[in-house]
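Shown next, in structure tokens, is the structure this report addresses.
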Amino acid sequence: MPIVLVISGPSGTGKSTLVKRLIARERNLEFAVSVTSRPPRRQEVAGRSYRFVSQERFRSMAEEGAFLEWAAVFGNLYGTPKAALEEAAARGCDILLDIDVQGAAQLMEKLPEAATVFVLPPSRRALEERLRTRSSEKEQEIERRLGEAAGEVGRFPAYQYVIVNDDVESTVEALRTILAAERSKRERMAGRIQPILMEFGIDPEEPE
Ligand code: ADP
Ligand code: 5GP
């Protein structure tokens, strides 16, 4: 089973920025491209940022059971295709999901072994500034996203890890450290350590 690394956090906290840098730096880690009914932003690349579909198409995909989880967020539909996980697993890669708190709650039920990270902004003010600097939404939409931020932040106790995205580089390093820790979990190391243990005359099945 690949590691499923889930990140959530309020809109504008820097998740997409972190995802891009993490994927660029980590071998064997793939981003699960979500499907959304939201229209693309100017700099977004279809198929790389999201798979953009109509509401109707999204709903029929949901009915067909194409999603591992899906949710309505800020008036649009977003979902993680099951195929993204299956394809990453087939390639021997771990997988990174950027999903909202509702989707993450569904995923925690289905995949309790997933590693979950909540990304906080350094302050509410910084969050507001980031949303405004990104200038990808109109004022009304920015207000809506800020209005929902408190409810989202309140869900942080459900996550295993919490990081504050103050300096981007340090935050990417914190995410890499989390990934490295997940990869070093004893049960994940079984295949790698087996021959070493055997050299010491230790039966990997019954080490005592
Ligand atoms: P999200 O995906 O969480 O909605 P984005 O990655 O789009 O957030 O980031 C929102 C804005 O904040 C972008 O303009 C991005 O360049 C900026 N940003 C991201 N991380 C930081 C950071 N650590 N410090 C300052 N600005 C940041
Ligand atoms: P944005 O419109 O800013 O790209 O994303 C809005 C919110 O949708 C963010 O909180 C983001 O994490 C979330 N999101 C993106 N993809 C998915 C997905 O596949 N499932 C769920 N549940 N949320 C998603």
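Treat the numbers as computed from the prediction; the structure is a model and nothing was measured. Counting convention: from 1, in listed order, for ligands and their atoms alike. Hydrogens, waters and symmetry mates are skipped; everything else that's a heavy atom, side chains included, is used.
For atom 23 (N) of ligand 2, the closest non-hydrogen atom of the protein is Asp100 N, 3.0 Å. Closest to atom 19 (O) of ligand 2 among all protein heavy atoms lies Ser34 OG, 2.7 Å. Of the protein's non-hydrogen atoms, the one nearest atom 11 (C) of ligand 1 is Arg130 O, 3.6 Å. Shortest contact from atom 5 (O) of ligand 2 to any protein heavy atom: Tyr50 OH, 3.3 Å. Summary of contacts: the protein heavy atom closest to atom 11 (C) of ligand 2 is Asp98 OD1, 3.6 Å. Residue, atom and distance of the protein heavy atom nearest to atom 8 (O) of ligand 1 are Gly14 N, 3.1 Å. Of all protein heavy atoms, the one lying nearest to atom 6 (C) of ligand 2 is Tyr78 OH, 3.6 Å. Of all protein heavy atoms, the one closest to atom 13 (C) of ligand 1 is Arg134 CB, 4.2 Å.
The shortest heavy-atom distance from Arg41 to ligand 2 is under 4.0 Å. Residue contacts with ligand 2 include Glu69, since one of its heavy atoms falls under 4.0 Å from the ligand. For Arg145, the closest heavy-atom approach to ligand 2 falls below 4.0 Å. At least one heavy atom of Gly12 sits under 4.0 Å from some atom of ligand 1.
Distances between N or O atoms of Asp98 and those of ligand 1 include no value under 3.5 Å. Where the criterion is an N or O separation shorter than 3.5 Å, residue side chain and backbone included, Lys15 meets it with respect to ligand 1. Looking at ligand 2, you won't find any N or O of Val73 less than 3.5 Å from one of its N or O atoms.
Heavy-atom contacts of Asn165 reach the following atoms of ligand 1: 20 (N), 21 (C), 23 (N) (cutoff under 4.0 Å). Of all the atoms in ligand 2, the ones that sit under 4.0 Å from a non-hydrogen atom of Arg38 are 1 (P), 2 (O), 4 (O). For ligand 2, the atoms lying closer than 4.0 Å to a non-hydrogen atom of Gly103 are 22 (N). Within the listing of ligand 1, atoms 22 (C), 23 (N), 24 (N) sit less than 4.0 angstrom from a heavy atom of Asp166. Within ligand 1, the atoms closer than 4.0 Å to a non-hydrogen atom of Val168 are 20 (N), 21 (C), 22 (C), 23 (N), numbered from 1 in the order shown. Atoms of ligand 1 found under 4.0 Å from any heavy atom of Thr17 (numbered from 1 in listed order, with element): 5 (P), 6 (O), 9 (O), 15 (C), 19 (C). Atoms of ligand 2 lying under 4.0 Å from at least one heavy atom of Phe74, given by number and element, are 6 (C). Atoms of ligand 2 lying under 4.0 Å from at least one heavy atom of Ala71, given by number and element, are 22 (N). Atom numbering of ligand 2 starts at 1 in the shown order; those under 4.0 Å from a heavy atom of Thr80 are 19 (O).
Contact check for Ser11 versus Arg130: no side-chain heavy atoms found under the 4.5 Å cut-off. Using a 4.5 Å heavy-atom cutoff, the side chains of Leu22 and Ile7 are not in contact. For the pair Glu139/Arg132, a side-chain contact is recorded, criterion being any heavy-atom separation below 4.5 Å from C-beta on. Leu77 places a side-chain heavy atom less than 4.5 Å from the side chain of Gln55. Leu97 places a side-chain heavy atom less than 4.5 Å from the side chain of Leu85. A heavy-atom distance below 4.5 Å is not found between the side chains of Thr80 and Val35.
No side-chain donor-acceptor contact under 3.5 Å links Ser37 to the backbone of Val53.
Rounding to the nearest 0.5 Å places CG of Leu146 at 5.0 Å from CD of Glu128.
A pairwise comparison of heavy atoms in Glu44 and Arg41 identifies OE1-N, 2.8 Å as the closest pair.
Just one residue in the list Thr13, Asn165, Val164 forms a side-chain contact (heavy atoms from CB on, under 4.5 Å) with Pro121, and that residue is Thr13.
Side-chain polar atoms of Ser123 and Arg125 form no donor-acceptor pair below 3.5 angstrom. In summary, the side chains of Tyr159 and Ser8 do present a donor paired with an acceptor at a separation below 3.5 Å, with no hydrogens or angles considered. In the model, Tyr161 has a side-chain atom that pairs as donor or acceptor with a side-chain atom of Glu182 under 3.5 Å.
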Checklist entry - salt bridge (charged side-chain N to carboxylate O under 4.0 Å, His left out) between Glu87 and Lys82: does it pass, once the steps are laid out? => result CA-CA 9 Å; Glu87 286 162 16; Lys82 283 182 184 158; over 6 Å; no
Next on the checklist: As a quick check of understanding, evaluate ring pair (Phe, Tyr, Trp, His ring centres under 6.0 Å) for Phe58 and Phe67, giving each step before the final call.
Outcome noted: CA-CA 10 Å; Phe58 190 104; Phe67 298 122; 4.6 Å; yes
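Residue contacts with ligand 2, taken as heavy atom pairs separated by less than 4.0 Å, do not involve Gln102 at all.
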